[in-house]
Student: 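Here it is, the structure, as structure tokens.
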Amino acid sequence: MTTHTHNPHTHERPHRHHYDAEMLSVEEARDRILSYFEPLSSVDVPLLDALGLTLDEDLVADFDIPPLANSAMDGYAVRSTDVAPASKYNPVLLPVNGYIAAGDVPAAPVEQGTAMRIMTGAPVPEGADAVVPFEDTDEETRRQNGDVISEIGIQLSAEPGDNIRPAGEDIRSGDTVVAKGTELTAGVIGVAASLGRTSVKAIRRPVIAIVSTGDELVDPGEERDAGKIYNSNAYSVAAMAEKYGGIATIIGIARDTIESLEAMLEEAVKYDMVVTSAGVSKGDYDVVKDVLAKGGEIALWSVRMRPAKPLAFGALNAPDGRKVPHLGLPGNPVSAMVAFEQFGRPAIRVMLGKSQLPKPYILATLDDPVQNHDGRRVYARVDVYRDDDGNYRARLTGNQSSGALHSMARARGLAICPDDVDAVPAGAKIKVEMLEWPDDDLLSDLFAD
Ligand code: AMP
Ligand code: MG
């Protein structure tokens with residue numbers, strides 16, 4: 001921070017650079033930005049912290065799962081040849097020579113003409129080739145009569161293998177069970193645990209440094225004098241960075257001077273990516289572009305989108321020699337979020353080693369028209385719901401001004417009017433990129449029909 005008293009409004013500014021912002025489509029801007037990113041290094045991650053990360057090793061089994069043939073039912077382990085004639089009214093009587101619970105190792109084989117009581121998951125003793133479940137024996141009747149079960153009546157014949165899970169049925173020793181590059185879902189984490197793993201090699205999460213710029217900003221929790229507004233961008237952008245798998249660190253608010261911003265960036269370049277907001281328009285105090293220019297590499301773009309037309313992108317020089325990508329978001333609160341959605345989200349995904357960079361979309365029928373006056377791609381804030389016929393519908397959530405954050409808070413998606421289309425009328429189908437996809441009615445009736 002600057003220590004001397006400093007009024008940016010009377011301060012004689014250093015030589016100003018002038019840039020003609022190049023006009024790009026969303027895809028062109030995204031491609032250029034993503035060319036600065038690559039998957040991060042991998043680290044050993046405790047299993048439960050690995051959810052959603054990318055596996056950076058093959059998970060190979062070094063034993064069979066299940067390790068031994070085991071019973072799929074509670075019942076009696078038998079030799080199928082012994083029970084071939086069994087039926088409900090002509091049970092085959094067999095002496096019961098023992099009991100095996102899950103986790104036991106059978107002490108003796110099942111000899112011809114005998115049975116062993118066995119629980120689900122218990123290893124099947126040698127000699128036995130089938131398990132007859134309790135329901136197909138007279139065990140219940142014997143119990144009700146208070147009998148000690150020293151013999152059992154088998155009431156159903158069995159084929160070899162009945163109710164037995166063979167060793168290696170799920171996973172064979174030597175198999176690559178999950179390949180490098182796979183996302184660590186709950187299922188993959190379960191498989192890793194079943195192989196005895198406590199941690200996995202996974203691509204680490206990127207740490208995103210967030211800097212807000214503007215003389216008008218104060219942080220929530222601070223006194224807000226007349227003319228000031230709360231810094232919301234740092235929080236909305238940090239929340240998005242974390243939602244998409246990053247770790248957000250809010251560095252602070254830089255004032256609209258080069259020195260103040262440089263002081264903040266000095267801290268910010270210690271991380272994997274720097275995100276600033278505001279200071280990228282043509283105004284006098286838009287210093288982000290000046291600072292980027294001093295750092296060497298700068299791109300200042302006009303992206304053919306609404307909101308979020310002005311965008312800066314560059315690479316900052318870190319003291320350790322790294323080039324740290326810097327995404328300069330516009331200042332308007334909705335613009336900052338929409339631009340982060342289009343450019344920050346895919347950058348995080350690249351660093352996490354994930355694919356599917358553009359967001360998947362649904363098709364919804366519009367309740368309200370979406371206008372496009374000037375050939376930009378419009379991202380309209382919409383609520384998405386399902387009508388009585390089960391079709392997706394989208395309705396505008398209110399004021400579509402780039403400063404109206406309230407309508408963003410109520411939006412479940414961004415409906416897209418293409419660059420070259422003047423308007424999408426009410427009743428027409430429109431693509432919607434979902435921002436929130438909660439586990440509620442929106443999904444549940446997808447599976448109802
Ligand atoms: P600028 O890009 O600096 O011209 O800012 C555009 C608009 O966004 C102005 O109305 C700013 O007050 C507002 N703005 C800039 N930064 C933030 C922020 N961090 N939080 C909320 N609003 C902001
Ligand atoms: Mg400003």
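Both counts, for ligands and for their atoms, begin at 1 and track the order of listing. Since the model is a prediction, treat every value here as computed from it, not as a measurement.
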Student: Pairing donors with acceptors under 3.5 angstrom, does anything connect the side chains of Y385 and D367?
Tutor: yes
Student: For atom 4 (O) of ligand 1, what is the closest protein heavy atom, and at what distance to 0.1 Å?
Tutor: S281 OG, 3.8 Å
Student: Within the 4.0 Å heavy-atom shell around G279, which atoms of ligand 1 are there?
Tutor: 2 (O), 3 (O)
Student: Examine ligand 1 and decide if any of its atoms is less than 4.0 Å from a heavy atom belonging to P333.
Tutor: yes
Student: Note the single closest protein heavy atom to atom 9 (C) of ligand 1, along with its residue, its atom name and the distance in Å.
Tutor: E216 OE2, 4.1 Å
Student: For atom 7 (C) of ligand 1, what is the closest protein heavy atom, and at what distance to 0.1 Å?
Tutor: N332 OD1, 3.3 Å
Student: If you draw the axis of the six-membered ring of Y99, does the NZ or CZ of R117 fall within 45° of it and under 6.0 Å from the ring centre?
Tutor: no
Student: What's the shortest distance from atom 19 (N) of ligand 1 to any protein heavy atom, and which residue and atom give it?
Tutor: N231 OD1, 2.9 Å
Student: With side chain to side chain contact (heavy atoms under 4.5 Å, CB included) as the test, pick out the partner of V45 among L47, L48, V43.
Tutor: V43
Student: With heavy-atom distances below 4.0 Å as the criterion, list the atoms of ligand 1 near Y230.
Tutor: 20 (N), 21 (C)
Student: Starting from atom 22 (N) of ligand 1, find the nearest protein heavy-atom neighbour and note its residue, name and distance.
Tutor: I229 CD1, 3.5 Å
Student: Does G214 have a non-hydrogen atom less than 4.0 Å from ligand 1?
Tutor: no
Student: What residue and heavy atom of the protein are closest to atom 1 (P) of ligand 1, and at what distance?
Tutor: A278 CB, 3.9 Å
Student: May I ask you to check whether over 12 heavy atoms, not counting those of K354, lie within 6.0 Å of atom NZ?
Tutor: yes
Student: To which protein heavy atom is atom 17 (C) of ligand 1 closest, and what is the distance rounded to 0.1 Å?
Tutor: N233 ND2, 3.2 Å
Student: Is it true that S407 and R381 share a donor-acceptor pair across their side chains at a distance under 3.5 Å?
Tutor: yes
Student: Would the number of heavy atoms belonging to other residues, nucleotides or ligands and lying under 6.0 Å from CD of E126 be above 12?
Tutor: no
Student: Could you verify whether a donor N or O on one side chain and an acceptor N or O on the other, from Q342 and E433, lie under 3.5 Å apart?
Tutor: yes
Student: Quick one: does ligand 1 sit under 4.0 Å from the side chain of I253, the backbone, both or neither, non-hydrogen atoms only?
Tutor: neither
Student: D422 and N372: side-chain donor and acceptor closer than 3.5 Å?
Tutor: no
Student: How does S277 reach ligand 1, by side chain, by backbone, by both or by neither, if only non-hydrogen atoms under 4.0 Å count?
Tutor: side chain
Student: L59 and side chain to side chain contact (heavy atoms under 4.5 Å, CB included): which single residue from I171, V200, D175 fits?
Tutor: V200
Student: Tell me the protein heavy atom at minimum distance from atom 5 (O) of ligand 1, and give that distance in Å.
Tutor: G331 CA, 3.8 Å
Student: Would you call the rings of F37 and F313 parallel, tilted or perpendicular if under 30° counts as parallel and over 60° as perpendicular?
Tutor: tilted
Student: Counting both backbone and side chain atoms, is some N or O of V280 under 3.5 Å from an N or O of ligand 1?
Tutor: no
